[in-house]
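Bear in mind the structure is a predicted one, so any value in this text is a computation, not a measurement. The first residue of the sequence shown is numbered 1, and numbering continues consecutively from there.
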Amino acid sequence: MGALTRYLTQHKLRKTPERYAILEKVFDMSDHFTVEVLHAALHADGYHVSCTTVYNTLELLAEASLVRRRTFGRQPARYEKIAGLSNHHHLVCTRCGKVREIKDQNIDTMLSSLRFGTFRPSYADLYIYGVCSRCARKSRTAADTHSSKENTTNVKKQHNRL
């Protein structure tokens with residue numbers, strides 16, 4: 001709350017109850033969330049604000065470095081709180097859209113050892129796209145079912161020829 005107050009004061013912006021309520025709800029979230037999910041959570045708690053207010057406040061919180069806006073493939077933007085998070089990366093399933101966070105010290109070490117002249121990176125985002133185990137399992141099951149049906153059809157055709 002203090003970081004938001006400092007940011008609003010420094011930029012001569014209004015300190016509205018809505019902004020603080022949204023920030024509080026953001027820090028209650030344990031995973032990536034969309035504007036719609038946050039909006040529904042606020043409504044469930046009896047706090048009625050428009051989707052536009054939620055969106056605009058999230059953008060303000062991103063500018064204040066309190067949240068990060070993430071875009072995973074063609075999915076709607078998701079957000080995550082920054083404070084209290086350790087460095088992590090994302091595995092994104094290209095079929096179902098599920099996002100899983102991973103922590104890998106080897107990746108962090110490699111990224112921190114890179115030099116970019118006089119440029120000083122603040123953070124790095126790494127997205128790894130592929131197929132999650134659940135979707136892979138579904139594909140195998142569907143392929144097995146399809147193959148089994150083809151085999152049954154072929155056996156019937158051969159039997160009819162005899």
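The line from CD of Gln105 to CG of Asp108 is 5.0 Å long, rounded to the nearest 0.5 Å. Atoms OH and CD, from Tyr55 and Glu36 in turn, are 11.0 Å apart once rounded to the nearest 0.5 Å.
Under the 4.5 Å side-chain contact rule for hydrophobic residues, Val35 and Val37 share a cluster. Ile82 and Leu111 sit in two unconnected hydrophobic clusters of ILVMFWY residues. Membership requires side-chain heavy atoms under 4.5 Å apart, directly or through other members.
Judged purely by atom type and a 3.5 angstrom limit, Lys81 uses its side chain to pair as donor or acceptor with the backbone of Phe27. Thr53 places no side-chain N or O within 3.5 Å of a backbone atom of Val49 that could act as its donor or acceptor partner. In this structure, Asp104 contributes its side chain and Asn106 its backbone to a donor-acceptor pair below 3.5 Å.
For the 3.5 Å distance criterion, the side chains of Arg78 and Thr71 fail to qualify, holding no donor opposite an acceptor. Checked by atom type, the side-chain pair Thr34/Tyr79 shows no donor-acceptor distance below 3.5 Å.
Closest of all the heavy-atom pairs between Val54 and Ile22 is CA-CD1, 3.9 Å. In terms of heavy-atom proximity, Arg19 sits nearest to Leu4 at O-CD2, 4.0 Å.
Take Ser113 and apply the side-chain contact (heavy atoms from CB on, under 4.5 Å) test, not counting sequence neighbours, and it matches no residue. With sequence neighbours excluded, the residues satisfying side-chain contact (heavy atoms from CB on, under 4.5 Å) with Ala64 are Tyr7, Leu66.
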Please set out all donor-acceptor pairs under 3.5 angstrom arising from side-chain atoms of residues 127-134, sequence neighbours excluded.
from: Tyr129; atom 1: OH; to: Gly73; atom 2: N; distance (Å): 3.2

**OP:** Kindly indicate, with the supporting measurements, whether the criterion side-chain contact (heavy atoms from CB on, under 4.5 Å) is fulfilled by Asp45 and Lys25.
**Re:** CA-CA 9 Å; Asp45 286 353; Lys25 184 50 73 180; 2.3 Å; yes

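Taking the charged nitrogens against the carboxylate oxygens, Glu59 and Arg69 do have a contact shorter than 4.0 Å, which makes a salt bridge.
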